[in-house]
Every structure is written in structure tokens, then in C-alpha cells.
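In what follows, every heavy atom counts, from backbone to side chain, and hydrogens, waters and symmetry copies are set aside. By convention in this document, chain letters (A, B, ...) are assigned in the order of the sequence lines, proteins followed by strands, and residues within each chain are numbered from 1.
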Amino acid sequence: MNYTLLAEQFFNGFQLGIILFLVAAGLTLIFGIMDLVNLAHGTLYMFGAFFASTLVAVTDSLVLGMILALPVMLAAGLLLEFSILRTLYERNHLDQVLATFGLILFFNELFLIVWGPEGTGINLPPYLTGTITLPGGITVPEYRMVIIASGLLVALLLYVLVSKTRVGMLIRAGASNREMVGALGINIKLLFTLVFGLGAVLAGFAGMIITPITQADSGMGESILILAFVVIVIGGIGSIKGAFIAAILTGLIDTMGRSFIDVALLQIMDTVAAETAGPAISSMMIYILMAIILAIKPSGLFPPKGA
Amino acid sequence: MTEIMLKVENLVKHFGGLVATDSLNIEVEQGEIHAVIGPNGAGKTTLIHQLSGMLESDSGTIHFDGQEISHMSSANRCHAGMVRSYQITSIFKDFSVLDNVAMSIQAREGHSFRFWKNANKDAVLAGKAREILVEMGLEERAEVLADNLAHGEQRQLEIAMALATDPKMLLLDEPMAGMGPEESSRVTKYLESMKGKYTMLLIEHDMDAVFALADRITVLVYGQAVACGTPEEIRGNEEVRHAYLGDD
Amino acid sequence: MNLEILKTPRGIYNSLLILLCIFMPWIAPAIGQDFFTDVFGRIMIVAIAAISLNLIMGFGGMISFGHAVFVGIGGYAVGIFASHGIESAYIQWPVGLLMSGLFALIIGAISLRTRGVYFIMITLAFAQMIYFLSVSIEKYGSDDGLTIDARSDFGIPFYDLNDALTMYFTVFVLMVACLLITRKMVNSRFGRVIRAAKSNDERMHTIGYPTYGYKLTAFVIAGMMCGLSGLLSANFEDFVSPDMMFWTFSGELIFIVVLGGMGTIMGPLGGAIIFLLLSEVLSNITNSWHLIFGPFLILVVLFARGGVEGFLAKFEKSPEAKS
Amino acid sequence: MLKKLILAAPLAAMLAVPSVEAAEKIKVGIVLTLTTPASIMGKQMKAAYEVAYDHLGGKMGGKELELIFEDDGLKPNIGKQKTEKLVKKDKVDFLTGYIWSHVLGASAPVALKAGKIFVSANAGHSLYAGKKCHKNFFNAAWENSQNSMAMGTMLNQRGVKNLYILSLNYAAGKQMVAGVERTFKGNVVGKDLVPTSHKDWSAEIAKVKAAKPDGVFVFYPGSWGLAFFTQYKQAGLDKTTPLYSVFSVDGANLPVYQKRKMKHMIGTFNTMFWAPDLDNAVNKRFVADFAKKYKGQIPSHYAAQAYDSLMLIAAGVKAAGGDAKNTDAVRKGMEEADFGSVRGKIKFGKNHFPIQNFYARQVINKNGQWQLSVRQTVVEDHAPVMSNECKL
């Protein structure tokens with residue numbers, strides 16, 4: 001066993017988990033509080049990627065571009081909420097699924113037209129392109145460190161917001177018992193708008209910080225959306241803590257699977273069979289994980305109390 | 001000594017830090033109407049949820065009609081002969097009144113894996129359902145969509161659906177909630193006429209109805225039974241008067 | 001069959017849908033658009049998938065976002081056997097139906113333990129898993145799919161699926177059979193349990209129904225019906241590929257059901273005709289047709305609940321029970 | 001009333017397309033992907049067809065030529081539907097285009113059953129080069145594994161001993177891997193096929209670093225390439241381990257690489273049957289006219305294939321004296337392939353796939369425009385390995 005590789009892969013899995021968490025956090029809150037199935041959450045991730053790319057190009061600064069993109073994301077999220085999604089809160093899940101599916105089709109096409117089929121991207125400034133060597137000979141690209149650090153920071157801010165502030169108290173209350181918040185005489189509409197805006201910013205932030213690595217293209221939101229679904233289902237819908245743990249778990253299992261499953265399979269089967277089965281199994285691992293967890297706990301690992 | 005139909009021992013249910021049911025013991029005799037009263041938040045509805053199997057209890061046992069049902073599913077408790085009604089009307093709104101009741105009838109007639117024959121034209125289901133509606137005085141509304149019934153009528157339908165399962169025991173969760181005085185007294189009369197035929201656990205805020213109907217009353221406060229006895233005993237119980245009924 | 005149904009707009013519309021399907025092989029050449037017969041054949045195959053989705057979603061309230069996966073399983077039953085030279089329909093079809101039923105049983109058994117939003121997402125996730133699995137199986141073409149050289153062989157003289165008209169009417173007859181089965185089933189005792197569970201699942205439990213088993217049965221029946229759509233699709237297109245189970249197709253199926261009128265017998269057929277003709281027309285107008293289609297979908301959801309059937313039902317005087 | 005509108009509108013809209021046929025036109029139906037992010041290739045190919053059309057003077061065998069383009073939306077069932085429409089409604093004489101093997105797999109049988117000649121301008125479906133070869137099926141591009149086989153040979157020539165293989169987990173991706181493994185003589189120290197949904201290679205890149213190969217073979221076309229090559233540099237691998245790619249760096253995406261300032265791509269090698277600076281007169285004219293037609297871009301091999309596809313059809317029609325319906329004569333003319341190809345001279349095997357040279361190409365920056373330049377011939381007259389499985 002190569003321990004350096006193992007450590008690096010652990011690190012990589014963690015980073016994937018962070019991105020998943022940022023997307024899943026908003027998704028799980030929006031589900032939990034507004035009971036809204038928002039397929040277009042992946043679209044918000046794409047928004048973040050494209051807006052930041054353009055703003056980074058305009059300002060010629062990674063940091064400035066991304067910081068400017070955050071309020072743009074908030075505005076886009078609020079606009080979307082105000083124009084279409086707000087009317088969907090009282091609709092059933094089916095209407096929500098369909099309408100947000102329509103949004104996906106529309107925005108994917110729109111972005112394709114505006115930015116062209118090649119999409120767009122962000123170039124890292126020279127100070128972020130190097131690699132860091134950690135003790136034990138583990139080398140990691142600097143920028144991936146930045147992702148982890150900023151992702152953890154956001155997760156921490158979110159934790160403080162949700163567990164230490166009045167708004168956070170309402171969010172938690174809303175996630176476990178929607179009627180109760182209404183009964184407390186809170187302006188529900190405002191709370192919903194706020195939560196949606198927060199979710200949009202988080203998804204957008206994930207989209208923008210991953211863009212220097214994956215680049216941005218129309219349709220990028222859907223594969224992350226489905227992964228985020230898996231994450232929040234595992235974590236328990238409405239639970240930020242669940243989303244965090246499930247995201248890290250998913251990221252680690254997916255990465256470890258891709259890294260070591262072929263080696264593991266070679267122990268029990270011949271090369272050809274292992275080479276065929278390896279990629280198939282590693283791409284199914286997280287779904288199998290989800291199936292197992294649901295078979296044991298149908299409401300996920302951390303269902304919000306009272307749900 | 002009459003037989004014990006329902007025996008609840010040391011039943012506990014926590015919600016987080018909150019204790020909703022606290023080592024509760026209740027015995028309901030066969031054929032009696034046993035009312036459970038208590039202030040809001042005393043854990044009455046939670047108790048019904050636990051008894052009907054909607055909520056899993058943290059600990060304690062429930063015996064019904066000689067068998068332990070503590071871990072039985074709702075559907076099986078119903079088949080064993082214990083059925084509940086809902087405080088907040090829970091009916092099939094897009095079905096006709098008759099079909100609502102017919103669903104209960106169908107449930108007691110064995111499995112429903114019958115895929116072909118038109119159940120709408122099933123004389124057995126419709127006939128029995130109509131009988132129940134006649135008993136409840138809803139026969140004229142049989143073909144109306146349940147959603148289009150007046151509130152009081154929906155409450156009656158709620159009880160009719162429970163009765164149609166042919167139960168031994170009814171768990172009635174505020175059957176008179178939201179009814180006008182006329183409907184309320186009709187239901188009271190009806191329940192009275194059913195006395196002896198069914199064992200009933202009644203939760204109700206309408207104290208006139210409770211004291212008119214109940215053979216025995218258990219007073220629930222913070223998930224604990226603070227008193228249990230005949231209406232007269234409860235009326236005369238200083239502690240209950242003070243804590244709950246008021247001193248009038 | 002009486003003529004009563006022709007007295008309501010819905011009745012006329014429904015009759016028209018069926019007549020259009022019956023006579024398309026003659027209408028199309030008459031208007032010089034032969035290829036319309038193919039379009040309608042394809043529409044009816046999609047309609048079967050939509051009918052099966054409607055059974056669980058429209059009547060049973062189970063929003064499956066992975067329904068297309070069963071089309072794929074049925075299709076691959078034909079494709080895989082054909083690639084091994086086994087062309088007998090008596091092997092291909094039963095296996096195809098059984099496999100779609102089996103997958104539905106497994107997916108349903110896990111997904112139905114959960115509710116609402118969870119159910120939507122889990123069915124989607126499972127469908128994606130099977131999609132990726134099929135892409136990674138190189139032996140059966142991977143994403144390139146399988147070209148099917150010979151259609152299913154029923155061994156009946158003068159009955160040959162290679163004949164276009166035979167194929168067309170095989171699809172038609174099976175689609176009508178699915179419509180009839182749905183109609184029979186939703187009014188049966190079983191169907192009432194499913195519909196009541198959609199209306200109020202908790203109450204069903206308290207009046208004595210363990211609804212899980214009923215819902216799972218409905219899910220399996222729908223899976224098999226959808227597998228039938230796949231069997232037909234493989235024969236009709238002479239081709240199967242993982243693409244037929246991609247999640248967007250599941251989304252389109254949901255839309256078809258809603259557009260046509262959810263929880264009505266004929267809704268899925270009307271929805272399939274309108275959806276597929278519309279996408280054909282829009283894609284001929286512009287390559288960027290999703291730009292129009294996306295908002296159209298949203299408008300339908302926001303303002304045309306109940307779909308076409310619901311709209312037409314407004315013209316009816318008495319609120320009649322769903323037929 | 002509404003229902004009538006609902007039904008009548010689409011019918012009317014479809015009927016509105018005139019179906020009256022102009023006499024004696026030669027019609028070529030072209031199915032490409034013109035939507036989705038994959039349209040980056042389709043749009044170049046469309047332009048190349050138009051260049052070929054211009055070079056033919058809008059005529060084939062003396063008759064007026066009409067090109068009808070359709071978009072397959074990257075979906076096999078749509079591709080098939082469009083092919084049916086072209087065959088049955090537009091009554092085209094030839095079908096060409098077809099970028100993707102799955103679209104081709106669904107569509108080609110329709111055309112072949114209808115007795116039409118079908119020319120794949122890109123999809124190198126290996127079954128059609130072998131078992132499924134058909135007298136009316138031509139491929140003006142390559143068979144999937146040919147190019148990576150050439151790459152394997154080139155790696156041998158360049159002395160690569162330890163190779164790490166990275167590809168996508170789908171049919172073409174696996175065929176690329178099979179191709180390079182068939183000819184590469186050194187050690188394969190690692191191999192990863194990632195699902196198409198993945199855009200983050202952190203795990204794979206870590207494995208590459210640990211394996212320390214002296215070359216990395218990649219097949220990451222389109223947007224995968226953009227993402228992968230970016231991460232390759234971020235991991236610092238561009239400085240230690242040379243990249244050898246197939247179908248990942250081409251004329252269609254080089255302008256994008258240049259726009260994104262991915263300078264580490266300059267100097268990397270790939271293989272291909274053609275390059276824009278391949279020295280022949282036809283190619284020079286094609287490259288120059290293509291740039292005029294399409295944003296000043298240098299054509300990609302996709303464009304070159306599209307151009308040759310139409311020229312191949314033209315050669316057939318010419319040989320049949322302008323009688324496109326005389327399929328036998330047309331086919332014979334196409335088999336002889338007596339036309340000016342951008343590859344210089346072109347010839348076909350009995351399976352109707354080209355037998356052709358493959359070249360090592362290197363990314364260079366010439367006059368501020370990144371492009372691919374021929375370095376040397378890697379293999380000559382290469383035919384698909386499954387050619388002998390074809391029973392024509």
C-alpha cells in the first residue's frame with residue numbers, strides 16, 4: 001500500500017466533499033424549509049461558474065471577480081425566487097419538479113447561446129498554480145487547498161449562522177416544523193426569500209470555486225445536482241449537519257472507489273474482468289451507499305427532529 | 001369483573017427533551033367509554049398516535065384484546081379491532097362519501113389484490129357502506145365528493161370510516177371538534193347508542209359530552225395520569241378541579 | 001361501445017386521438033408526409049411508457065423520476081438476445097417483462113420505504129446508476145448502443161414485425177391494451193387502494209391497509225408496462241442505447257403525463273402526441289428550441305394544471321367520476 | 001376548439017415545408033450535432049460542407065446540388081428520426097455527417113434499408129469496418145482505434161517505456177485504449193477510465209503522479225479535455241510528464257485552449273491522418289477557404305472529413321454520369337475515389353474505410369495562432385484491424 005497516495009486521495013475526496021456540501025447545503029435547506037424540490041439548484045451552480053468567469057475576465061482578478069460574483073448570485077437567486085419559484089411553494093412536488101426542469105432546459109440553452117458551445121473558464125493567477133508539499137511527501141495543488149479552506153470557512157460561517165443567530169433559529173425551526181414558524185408570527189415570505197438567496201449564493205460559490213479546475217460549460221449543473229440529491233438523501237433532508245457529513249462521506253467514497261477499486265478487484269479476479277468491472281463499480285458506489293443507508297434509515301442519517 | 005380490553009403499562013414517548021407520555025398506565029374495560037381529558041399539550045393526541053401505531057413508543061407495553069400490540073403496524077392494529085379517528089379530518093377528499101366508507105369495508109374483506117372487477121359496481125361494498133351511512137345520517141350525501149361536504153358532515157364521515165372497519169374498540173380523537181351544537185349533540189347521541197357495542201377511548205374538549213358519555217375518565221397532565229375514576233369521582237376530585245376544571 | 005362519449009368535449013377529443021392513431025398510416029401518405037406514420041408509431045411507444053407512469057404517478061401519487069430506466073431494460077432484453085442471435089419473441093419478451101418487473105421490485109422496494117421528495121430523488125439516482133452501468137458494459141455496445149438486425153420473431157405465419165404496418169398496429173393494439181388495463185385496474189379494488197393511498201396514505205394505514213405492498217405491486221406493474229414500451233421501442237427503432245434511460249427522458253415522461261392530464265386514462269396518449277409533435281415543430285423552427293420549450297413547460301405547470309383533459313373537463317356539466 | 005388548434009397547429013407547421021420536388025436535383029442529407037456543447041465540432045463540419053459545396057460550384061455530375069442539414073441533438077433517437085425524415089420526406093439521395101457512433105448505429109440502418117448510400121464523416125463505428133460492413137456504407141474518416149494505434153506506434157518511436165492511460169468510460173474511450181495497447185510495446189503502468197459525468201481528475205492525477213510514467217496517453221475530447229489539461233498543469237505534471245493525446249487537441253478546440261491561455265499545450269504531440277499544413281494543393285485551398293467562411297479559424301480534422309465526404313459523393317455521382325439513382329455506378333465511382341482529397345490521394349479498403357497515413361502532429365504557435373503541424377509520418381497506409389472480418 002502506498003500511503004502517500006492514500007493520503008492524497010483522502011485529501012482529494014475531502015475536497016470533492018466540500019464542493020458537494022456547498023451545493024447540498026442550500027438544496028437541503030430549501031427542501032427542508034420551503035418544501036420545494038428545486039431541480040434548478042444545479043443551474044445556480046452553473047450561474048456561479050459563468051458569472052464568476054466573466055467577472056474574473058473583466059476585472060482580471062480572481063479574488064475580485066469572485067467577490068463581485070457573490071452579490072450577482074444573490075441577485076440572480078432572488079430574481080428567480082421572486083419571479084417563478086415563489087409561486088411554486090404552495091404547489092405540489094410534481095409541479096415543482098416540472099417547472100424547475102423547464103428552468104434547466106431554458107438556462108442551459110440560454111448559456112449555450114450566450115457563451116458558446118465551448119463554455120468559459122477561469123485561469124488561475126500564478127500565485128495559485130503551484131503545488132504544496134506536505135510532510136510525508138504528499139503534494140497537493142495550492143488551489144485545491146484554497147478550495148478546502150474556503151469551503152470549510154463557509155461551512156463554519158453557515159454553522160454559526162444556523163446555530164447561533166436568530167435567523168438561524170428560525171431556519172432550524174422551519175426545517176423541522178414548517179407550521180410552527182408561521183405560528184410564531186414570522187414573516188414567512190421574507191424568511192423563504194432569504195433562505196433561497198442563501199442557497200443560491202452557496203451553490204454559486206461552489207460553481208465558481210470549482211471552475212478554475214473543471215472549467216464551465218452549459219449543462220454542468222446536472223451531474224452535480226444528482227450527486228447533491230444523493231448527499232441530502234443520505235444526510236437527511238433539512239439537516240445541514242447531515243448534508244456536511246454525507247457530502248464528505250460521498251466525496252471520500254467516490255474518490256477512494258475510483259482510486260483503489262481496480263487494485264482491490266485484482267485480488268479476486270483476473271485483469272480483464274477487473275478492468276471491465278472496476279469503472280462500472282466505482283461509478284455505482286455512492287448509489288449503493290445510498291441504497292444501503294436508506295434501507296436502514298429511510299429518512300437519512302440525520303433527519304431533522306419532528307420530520 | 002369485566003374484561004380488560006386495553007391495557008397500557010409504563011408507556012413513554014420523548015420528543016427530544018420533551019416528555020409527551022410519561023410512564024403512563026391506563027386500563028380500558030370492555031364496553032366502556034373511557035374518556036381522556038387534560039389541558040392542551042397534555043399528550044392526548046400523542047397517546048392516540050402511540051395506541052394506533054402511528055408513533056413508535058420509546059418504552060412500555062400495550063395489550064389489546066389479550067395480545068400485545070406494542071410493535072404492531074397501524075394496519076394490523078386495525079385488523080386486530082382497534083381503529084382511530086382524527087382530530088383534524090382525515091378523509092379521501094377526491095372520493096365520494098360512499099367510497100370513503102367503502103374503503104374501510106374493503107379493508108376488512110381480506111386482501112385487495114383484485115385487479116380486474118370494477119369495485120364501483122361491487123354491491124357488497126356499496127351495500128355495507130350505505131348501512132353505515134344510514135346509521136350516521138349521511139345516506140343522502142352518499143354520492144357527493146367528500147371534499148364538498150360541510151365541515152360537520154366531514155366530521156361525521158370521519159367517524160363513519162372508523163366504524164366501517166368493524167372495530168372492537170374506537171380511539172376517538174376529539175370527534176366533536178369544530179362541530180356545531182346540533183351536530184355535536186347528534187354525534188353524542190349516536191355514540192351513546194353505541195355504548196356497550198364498542199369499547200371507546202374518547203378524547204374530547206367538550207366537557208358536557210364527556211361527562212354525559214364517559215363511564216370513566218382519566219385526567220392527563222404533562223403525559224401523566226393524575227387521576228382516574230367515574231365522572232362523579234373526577235368532578236369531586238379537588239386536585240383535578242383546581243388544576244384543570246376550574247373552581248366554578 | 002356507445003356514442004355517449006361523443007357528447008362531451010373530452011369524449012370527442014379522446015375518440016379523435018384513437019382515430020388519429022388508427023388511420024395515420026393512410027392519412028400520412030394522403031397528405032404526402034409518409035414519415036408521419038413513423039412519428040406516430042414512436043408517439044404510441046412513448047405513450048405506453050407514459051401510461052405506465054400515469055398509473056403510479058397519476059393514480060398512485062408516486063412521482064418516479066427514473067421511469068425511463070424501465071424502457072431501457074425492456075429494450076436491452078431485445079438487444080442483448082438479438083446480439084446473441086436469439087430472436088424468438090417467446091424468449092425476448094417474457095424475459096424483458098420479467099427483468100423490468102424485477103428491477104422495479106428492487107428499486108421500488110427501497111424507494112417506497114421513503115416518501116415525497118425522497119422518493120423523487122431516489123428513483124432519479126437509481127436510474128442514473130443503471131444508466132452509468134449500461135454505459136460501462138462494452139460487450140453490449142456501451143454508449144454506442146446495439147443495432148438490432150432482426151426484429152422479434154413470433155413464428156406466426158404472415159405476422160412479421162419487419163412489415164411496417166404490422167409493426168405499427170402491434171404497437172397500436174398493445175397501447176390500447178395498456179389503456180384498457182389501466183382503466184380496468186384503477187377501478188378495481190386494487191386500483192382504489194392505490195388511489196386512496198395517493199389521497200391519504202396515513203388514513204389508509206389506520207383503516208387497515210398496509211399500503212407498502214400495494215404500492216410496490218403497482219410500481220412493479222408499471223415497471224413491466226414500461227418495459228413493454230422498451231421491447232417495442234427496440235423493435236421499432238432497430239436500436240437500443242443507454243440514451244433511452246437518460247434522466248431527461250424520465251423528465252419528459254412526467255411532462256407528457258401532466259400535459260395530457262394526470263390521473264386520466266387517455267391523458268398520456270394526448271400528452272405524448274402533443275409533446276412529440278411540438279418538439280418536432282419547434283426543433284424545425286430553431287435549433288435552440290429548448291429556449292421556447294422550457295418556458296412553455298413552466299407555463300403549463302403554472303396555468304394549465306390538469307392538462308388538456310382537465311381543460312376539456314371544464315366544459316362538462318356534471319362532475320363525473322374519472323372514467 | 002382548443003383541441004383542434006392543438007392538433008392542427010403542429011400539423012400545419014409541418015405541412016408548411018414545401019414538399020414539391022424540384023426536378024433532377026441531387027440532394028444530400030447531412031445529420032450533425034448543431035446544439036448542445038458538442039456543437040463545437042458540428043458547426044465546423046457544417047462550414048466545411050459549405051466550402052465543399054462552393055468548390056463543387058453547387059453542382060454534382062452536372063446537376064444542381066442541395067444540402068439539407070439536420071441536428072441530432074446528440075441523441076440517437078433524434079438522429080434516427082431526422083434520418084427517416086431525410087429519406088422519406090426530403091427524399092435525399094445520400095446521407096452523410098454523423099459525428100457519434102450511437103447516432104450512427106441508430107440511423108445508418110434506416111438509410112441502408114432504403115438503399116441509400118451512407119457516408120460517415122466522423123463516427124468510426126468499428127462494427128461497420130468489420131462484421132457489419134455494407135456495400136452502401138462508406139466512412140470518410142477513420143475507424144475508432146486506428147488513430148490510437150498510430151499513437152502507440154509513435155510512442156514506441158519516441159522511446160516511451162512506461163505509459164499511463166487515461167480515457168473515458170464509454171465505447172469510443174475503450175476502443176481508444178484498446179488501440180494504443182495493441183501497438184504500444186512498453187509497460188502500461190496504470191489505466192483509468194472515468195465516467196463521462198466526471199470533470200475532476202484529482203484521484204486519477206494523484207495516481208499518475210504515484211506511478212511516475214514517462215508519458216501519459218489521454219483521450220479526453222471536447223470539454224473533458226479543457227478540464228483535464230487544466231488540472232494536469234495545476235498538479236504540476238506538465239513539467240514532468242509529456243502528454244500524448246488522441247482526439248483531444250484539434251482545430252476545433254485549439255482556439256479555445258488559446259483563449260484560455262493554456263500554454264502548456266504547446267509542444268504536445270498527438271496523432272491524426274491529416275493536418276492543416278499537410279502539403280498538397282487541395283488542402284491549401286481548403287484551409288484558406290475554410291478560414292474565410294468560418295471566423296478565420298484553421299479547420300479541424302472534423303472539417304477535413306466533412307469536406308472529403310462530400311467530395312467522395314461527388315466523385316461517385318460524376319462516375320455515374322450524374323445519375324444519382326444508379327447506386328451501383330455511384331458506388332463504383334466512390335470506391336475508386338478519384339478526387340482531390342485534402343489528404344492528398346485517398347483510397348478505400350473493401351470495407352469502404354480509408355486506408356491512410358497517420359502523422360505525428362505537434363501544437364505550435366505560428367503568427368500568434370495556435371495550430372497543429374505535421375512532424376513525421378508515423379504509419380503508412382493503415383487499415384482498420386477488423387477489415388478482414390468484412391465479407392464484402
Toward chain D, the part of C:Ser136 with a non-hydrogen atom under 4.5 Å: both
C:Asp243, part contacting chain D, at a heavy-atom distance under 4.5 Å: side chain
D:Ser197 versus chain C, the contacting section by heavy-atom distance below 4.5 Å: both
Side chain / backbone / both / neither for D:Tyr128 at chain C, heavy atoms under 4.5 Å: side chain
How long is the gap from [atom1] on [X] to [atom2] on [Y], to the nearest 0.5 Å?
| X | Y | atom1 | atom2 | result |
| --- | --- | --- | --- | --- |
| C:Phe35 | D:Thr83 | CZ | OG1 | 11.0 Å |
| C:Tyr131 | D:Thr196 | OH | OG1 | 5.0 Å |
| D:Leu34 | C:Ser283 | CG | OG | 11.5 Å |
| D:Lys80 | C:Arg42 | NZ | CZ | 5.0 Å |
| D:Leu104 | C:Thr147 | CG | OG1 | 8.0 Å |

Partner chain D: residue of [options] with the largest heavy-atom pair count (under 4.5 Å):
| options | value |
| --- | --- |
| C:Leu282, C:Ile148, C:Asp34, C:Asp149 | C:Asp149 |
| C:His290, C:Met244, C:Glu138 | C:Glu138 |
| C:Asp38, C:Asp144, C:Asp238 | C:Asp144 |

Taking C-beta and beyond as the side chain, do [X] and [Y] meet within less than 4.5 Å on heavy atoms?
| X | Y | value |
| --- | --- | --- |
| D:Lys89 | C:Phe36 | no |
| D:Asp71 | C:Trp289 | no |
| C:Glu280 | D:Ile78 | no |
| C:Phe239 | D:Pro109 | no |

For the student: nearest non-hydrogen atoms of C:Gly141 and D:Ala171, plus distance: O-CB, 3.7 Å
Nearest heavy atoms of C:Asp143 and D:His102, plus distance in Å: O-CB, 3.0 Å
Top of D:Glu70, D:His125, D:Lys75 for chain C proximity - count of heavy-atom pairs under 4.5 angstrom: D:Lys75
Neighbour count above 12 (heavy atom, 6.0 Å) for D:Lys113 NZ: yes
